[in-house]
Amino acid sequence: MIQRTEQRTERCVHVLNRALHQLFEDCPDTYLLGEDIIDPYGGAFKVSHGLSTRWPDRVLTTPISEAAIVGIANGMALRGMRPIVEIMFGDFITLCADQIINYAAKFRQMYNDQTRCPVVIRTPMGGRRGYGPTHSQTMERLFLSVSDLTILAPSHLHELGEALIHVTRHGAGPTLFVENKVMYGEFHAPPQAGRAGLFSCRHLGEAPLDTLYLSLTDFEYSDATILCYGGMAGIAMQAAEQLLLEHEISCELLIPCCIKPLPHDGFAEALERSGRLVVVEEGPLTGGWGAEVAAQVQERYWPQLRGPVTRVAAKDGIIPCARPLEDMVLPQKEDLMLAVIRAVSGAKVGQL
Amino acid sequence: MIQRTEQRTERCVHVLNRALHQLFEDCPDTYLLGEDIIDPYGGAFKVSHGLSTRWPDRVLTTPISEAAIVGIANGMALRGMRPIVEIMFGDFITLCADQIINYAAKFRQMYNDQTRCPVVIRTPMGGRRGYGPTHSQTMERLFLSVSDLTILAPSHLHELGEALIHVTRHGAGPTLFVENKVMYGEFHAPPQAGRAGLFSCRHLGEAPLDTLYLSLTDFEYSDATILCYGGMAGIAMQAAEQLLLEHEISCELLIPCCIKPLPHDGFAEALERSGRLVVVEEGPLTGGWGAEVAAQVQERYWPQLRGPVTRVAAKDGIIPCARPLEDMVLPQKEDLMLAVIRAVSGAKVGQL
Amino acid sequence: MTALATIELATTRLEQFYRQMFLIRAFEERVLELFSEGQLFGTTHAYIGQEANAVGVLSHLGPEDIVFSNHRCHGHYLAYSDDVEGLLAEIMGREIGMCGGKGGSQHIFAGNFYTNGVLGGIVPCATGIALAEKYKASRAKVAVFIGDGSLGEGTIYETFNLAALWSIPILFVIENNFYAQSTPQRLQLSGQIAARPQAFDIETVHCRPDSVEEVYAVAGDAWATIEEQGKPFCLVLDTYRFCPHSKGDDYRDVAEIEAWRSRDPLRRLANQIDIDTRLRIEEQAHLRIAQAVSTAQAAAFAGARAISW
Amino acid sequence: MTALATIELATTRLEQFYRQMFLIRAFEERVLELFSEGQLFGTTHAYIGQEANAVGVLSHLGPEDIVFSNHRCHGHYLAYSDDVEGLLAEIMGREIGMCGGKGGSQHIFAGNFYTNGVLGGIVPCATGIALAEKYKASRAKVAVFIGDGSLGEGTIYETFNLAALWSIPILFVIENNFYAQSTPQRLQLSGQIAARPQAFDIETVHCRPDSVEEVYAVAGDAWATIEEQGKPFCLVLDTYRFCPHSKGDDYRDVAEIEAWRSRDPLRRLANQIDIDTRLRIEEQAHLRIAQAVSTAQAAAFAGARAISW
Ligand SMILES: Cc1ncc(C[n+]2csc(CCOP(=O)(O)OP(=O)(O)O)c2C)c(N)n1
Ligand SMILES: Cc1ncc(C[n+]2csc(CCOP(=O)(O)OP(=O)(O)O)c2C)c(N)n1
Ligand SMILES: [Mg+2]
Ligand SMILES: [Mg+2]
């Protein structure tokens with residue numbers, strides 16, 4: 001396979017951990033609440049490691065009470081603090097749905113813009129670790145329709161630590177900060193001097209929540225645009241490389257850090273060039289992020305489109321424990337490649 | 001205005017009430033659980049009126065414990081019963097999200113198809129009653145991505161009582177049964193002899209969960225297809241009538257009873273004729289039902305489409321209490337008419 | 001302080017209590033009338049009969065102190081803020097309402113006063129507020145009002161556990177009016193209310209006060225204990241609402257209602273106050289409410305101008 | 001029954017207990033080994049040290065009785081079903097697992113045995129099952145296993161309230177092993193555990209059994225009370241796990257672990273059983289497990305064929 005050039009110095013989990021340390025140092029109003037987050041354990045995925053040793057009063061390890069923890073953080077945020085909640089697995093965010101939807105995300109508007117509730121909820125999402133149906137889900141899709149809630153889901157290419165710091169310090173409302181589980185272990189690979197591996201890279205929108213725009217052909221030619229986020233970024237890059245090498249199909253990638261509200265940065269240019277969009281996400285197909293993306297894109301960029309927006313996602317249904325089953329359910333590089341090939345050749349599903 | 005011809009004999013709330021009585025009579029495994037559902041009160045919206053007097057042991061009025069009630073009903077359903085839960089306001093379904101998503105909708109698949117959890121969750125949704133930000137929402141959109149969950153949201157034109165009976169007796173998995181609040185007070189107006197008011201009507205798919213296909217021009221001509229459900233059906237019919245009379249725009253309506261999984265009945269024919277789809281829903285625009293509809297439709301019916309699928313929905317944000325504010329936020333007949341006119345004239349937003 | 005001064009102070013306080021309680025009662029009665037007259041839209045939950053709780057508990061508070069209330073919040077808000085005008089305009093959907101007509105009856109906010117119409121979830125929010133104030137060392141008092149029916153919500157127990165574990169100074173006020181909407185307590189509550197916070201090691205006092213002074217006294221002790229110990233405290237107050245749950249039907253036993261009415265703390269207090277003062281207070285209340293109604297009626301409906309949020 | 005017969009029965013029962021407890025211990029140790037060997041994927045929560053609870057409580061049950069368990073479910077499942085083969089294959093992701101490899105370690109189902117890996121929510125589900133069986137008059141016993149840490153979840157209190165209100169015959173077994181993952185009890189639990197169900201009027205017994213016979217005895221009383229009174233019952237069993245929470249790190253005090261290990265009910269029971277019998281039992285267990293591993297290893301991975309659901 002292709003040799004990658006990015007620096008392999010630090011894993012994403014460590015970047016996030018550093019960001020938390022930085023935040024705690026710089027911003028005395030920052031608190032972290034969550035289950036099993038204090039040292040020596042330092043969190044189920046170790047993101048909070050070392051924090052409680054330095055700031056024992058600001059790292060609150062909690063009972064297993066997802067709803068109350070978020071509620072308490074909401075209250076703190078209402079009073080000017082900058083609380084961060086860690087939900088141990090994203091799957092459990094169902095338990096705090098009421099506090100997110102009917103509390104955090106409603107306060108500002110229903111109180112007529114007289115208050116703010118800038119709570120940050122960090123949580124790992126995603127599968128590929130064999131954790132099974134209740135510990136592998138990609139749940140951010142459930143909150144795409146919640147007004148006033150921002151959803152960030154950085155990839156290993158983003159300045160994810162900066163993003164976390166930014167939103168915690170400056171967020172005007174509640175934020176769901178999605179950390180892909182596989183990404184934790186990946187090397188942090190922010191683009192350097194306009195390059196991300198074999199790709200040329202542009203930064204669109206404002207850092208650190210910028211969208212990354214990647215091309216293998218220096219933004220000269222594009223058969224299809226791939227839109228993805230979080231844990232799918234690496235897979236999408238591999239797919240794009242292989243599509244170019246093996247199929248002579250040139251894809252550009254758009255990788256937003258913020259998935260809600262959906263930033264349109266780069267959409268016009270990319271679609272002007274390619275006329276085709278393939279959205280890929282790790283969550284299930286129906287009712288996913290890709291649905292909203294497809295709806296917006298076909299409505300706004302209709303004249304540019306040469307074919308329908310297509311979606312690549314997990315198969316609807318549970319995420320099974322057994323590895324081969326899990327692999328069949330979650331979207332793989334091959335699924336994305338096939339979708340791009342179909343889109344480019346204009347072939348219908350089943351014809352290829 | 002136009003004189004309507006349908007029989008105005010029974011309000012929808014009464015139809016649902018009769019259905020529950022019928023169910024309890026015919027199916028001894030049916031139980032109803034919910035807050036304030038017993039006589040003489042008979043439920044906040046009176047849907048369960050009279051039930052507890054006849055079947056005191058099978059109507060379980062509960063404490064204010066939405067999560068536990070759904071959990072208990074899940075357990076009953078696992079053991080072969082046919083429980084129905086009433087959640088007093090759909091807004092509170094956030095509190096039972098975990099029981100719906102990580103329990104009811106997972107059992108069958110994660111237990112390898114060895115069990116079933118056919119629980120029915122009935123709940124009123126929607127605004128236009130001045131109940132404000134936490135009692136007016138349209139929340140079914142939050143569950144569109146939940147595999148194995150069926151969502152029914154009949155309109156006053158559907159055999160809504162039959163639909164409730166059917167899904168309670170024969171549902172293979174969990175069902176969310178959405179009852180629009182305004183619909184409760186509307187007269188039940190099922191099409192009679194192929195007519196629904198001024199519209200010709202066809203029934204597509206299997207009764208009682210059929211999709212209604214309505215035309216003002218006997219399915220001969222159509223400038224645009226309007227897809228809607230539940231409480232928007234009446235508004236869409238008025239819009240269609242007015243569009244024809246005042247703007248000579250002919251619309252066909254597709255009104256499914258089942259909104260998830262999305263039945264495609266009639267889509268091919270309707271889009272073949274009109275080439276344009278306007279989806280309208282009472283919930284907010286972003287991440288709503290219309291997103292999934294638009295994604296599917298543009299993907300599957302691309303060749304038939306003359307323009308993008310457009311969406312009419314509530315403005316993203318809270319539903320305010322004050323009537324004029326609420327009216328501004330929720331989708332009105334005029335919003336739909338404007339969207340159709342724009343779609344037909346190919347005009348961009350803002351140009352009309 | 002001389003004995004006379006003490007008596008005078010006490011008299012003034014009773015008058016003050018009466019002023020507040022009567023204002024709430026008259027306000028709620030007027031709101032229900034406005035509903036029947038079709039001047040209001042939506043729903044409302046009146047506080048009639050429970051006024052002594054709000055006044056007794058909140059008279060210990062200043063504007064820097066914090067209250068989180070629920071669906072039945074008008075009494076708490078008036079006892080806390082005396083803002084008849086803002087509240088009435090809000091309920092009437094006017095732009096000049098304290099939430100610009102967006103919140104309406106159950107979602108109000110002003111200063112340090114919060115409410116939400118979804119039961120249960122207010123409790124962790126309020127507790128988070130108290131935690132924030134603890135960290136800030138602001139010494140602000142924090143109270144949250146919980147109905148007996150709301151004790152069905154699990155989040156409350158999650159919060160009891162956390163408040164006790166983390167020694168969060170907050171007053172949980174459980175207003176035990178024996179009903180949750182149409183449901184009598186025996187159909188929705190097992191065991192004894194006080195045992196619940198106690199099971200989480202929260203000091204709890206359960207009483208059936210006959211008067212606002214009694215509420216004021218137990219609440220005073222509660223606030224003092226919180227101040228002293230820096231821990232949560234729970235006050236369970238038996239009470240009764242004389243009005244229907246919201247606007248609608250009321251199937252409670254008439255004799256039961258009458259029995260409670262005969263113990264009405266407002267009436268009891270009225271008898272302790274000299275008649276002239278009383279009439280003056282009542283007249284003033286009616287006048288303020290009437291003026292607030294007129295002002296609201298004259299004001300623009302929220303939404304007359306474009307919304308922005 | 002003659003005294004001799006009683007003693008014999010007792011001996012047989014002790015042997016039976018030992019057979020079950022040893023099987024669980026050996027099974028869990030083998031599973032942890034398989035993990036270290038890289039033969040397993042995902043995660044697992046071993047029951048090592050807590051075997052007496054599952055065996056003592058569930059030995060009263062037949063196959064028609066119902067159990068709802070949690071993330072730490074292997075011991076409960078084996079005590080209930082003795083299905084070493086199905087469970088191991090499931091954990092190893094094989095098609096022949098009792099859930100076809102879909103559920104894995106924490107989501108298993110067979111017959112009348114259920115689990116779910118999301119804490120808390122199993123409690124209302126189990127209670128609903130018990131309610132259904134009550135309506136059916138099936139007389140099936142229903143048990144749900146809850147960890148002490150899971151008592152943080154509010155749904156459990158909602159359910160306590162409902163179970164007591166509706167007289168739902170169910171046994172809540174709280175396995176109090178003093179930790180929730182890495183968190184010691186003092187950081188996550190306020191008050192006394194037993195006071196919590198008691199606050200909802202649920203009869204509760206809290207004990208620190210030294211042996212499986214003791215668990216068996218208190219559980220027998222609990223089942224009898226449930227049968228007799230048709231109400232919920234709560235059994236709090238102090239216990240300890242000798243293994244890490246899941247596969248990983250364990251920061252508990254070594255002396256604490258050793259203190260509990262010296263009370264290991266399995267070792268205690270071993271000493272009560274004659275050495276030949278014991279060795280035979282242990283050999284058989286190892287053999288069964290080894291065979292189950294071989295069978296699973298030889299079987300197809302789930303997903304080798306197309307999925308259908
Ligand atoms: C989560 C939730 N469930 C149900 C309701 C509907 N509801 C509003 S008030 C009420 C009864 C509340 O009873 P209680 O807590 O005793 O307060 P009270 O009305 O007696 O003051 C109910 C069920 C709600 N607002 N929120
Ligand atoms: C809702 C939810 N929150 C968090 C977790 C993660 N988790 C799994 S086991 C566990 C600790 C459980 O402790 P306890 O209930 O005491 O059971 P034990 O592990 O001690 O047997 C946690 C936090 C979960 N599975 N579900
Ligand atoms: Mg009450
Ligand atoms: Mg434990």
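Per chain, numbering begins at 1; letters A, B, ... match sequence-line order. The figures that follow rest on heavy atoms only: side chains count, while hydrogens, waters and symmetry mates do not.
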Residue part contacting chain D, namely of M81(B), when any heavy atom lies under 4.5 Å: side chain
Which class fits the ring pair Y114(D) and F107(B): parallel under 30°, tilted 30 to 60°, perpendicular over 60°? perpendicular
Can you tell if the side chain of R79(B) reaches within under 4.5 Å of the side chain of K136(D), non-hydrogen atoms only? yes
Between S147(B) and chain D, which part of the residue has a heavy atom less than 4.5 Å away: side chain, backbone, both or neither? neither
Could you check which of L162(D), T159(D), L131(D) has the highest count of heavy-atom pairs closer than 4.5 Å to chain B? L162(D)
Contact check, side chains of I129(D) and I72(B), non-hydrogen atoms, under 4.5 Å: no
N102(B), part contacting chain D, at a heavy-atom distance under 4.5 Å: both
When you compare the side chain of P63(B) with that of E158(D), does any pair of heavy atoms fall below 4.5 Å? no
Checked F68(D), W166(D), Y157(D) vs chain B; the most non-hydrogen pairs under 4.5 Å come from W166(D)
Chain D heavy atoms under 4.5 Å from A73(B): which part of the residue, side chain, backbone, both or neither? neither
Heavy-atom distance under 4.5 Å to chain B: side chain of I122(D), backbone, both or neither? both
Nearest 0.5 angstrom please: R58(B) CZ to Y135(D) OH, how far? 9.5 Å
Heavy-atom nearest pair, N116(D) first then M110(B), reads ND2-CE, 3.6 Å
Of the non-hydrogen atoms in Q99(B) and P124(D), which two are nearest, and what is the gap between them? NE2-CG, 3.5 Å
Rounded to the nearest 0.5 Å, what separates atom CD1 in I69(B) from atom OG1 in T155(D)? 12.0 Å
Among G121(D), G154(D), G103(D), who wins on heavy-atom pairs under 4.5 Å with chain B? G121(D)
Taking the side chain as C-beta and beyond, is there a heavy-atom pair between Y103(B) and V118(D) under 4.5 Å? yes
Under 4.5 Å from any heavy atom of chain D, what part of L33(B) do you find: side chain, backbone, both or neither? side chain
Any chance you could lay out the side-chain contact (heavy atoms from CB on, under 4.5 Å) test for K102(D) and Y111(B), step after step, and finish with the verdict? CA-CA 7 Å; K102(D) 286 177 186 158; Y111(B) 290 166; over 6 Å; no
Would you mind checking which part of E90(D) comes under 4.5 Å of any heavy atom in chain B, side chain (CB onward), backbone (N, CA, C, O), both or neither? neither
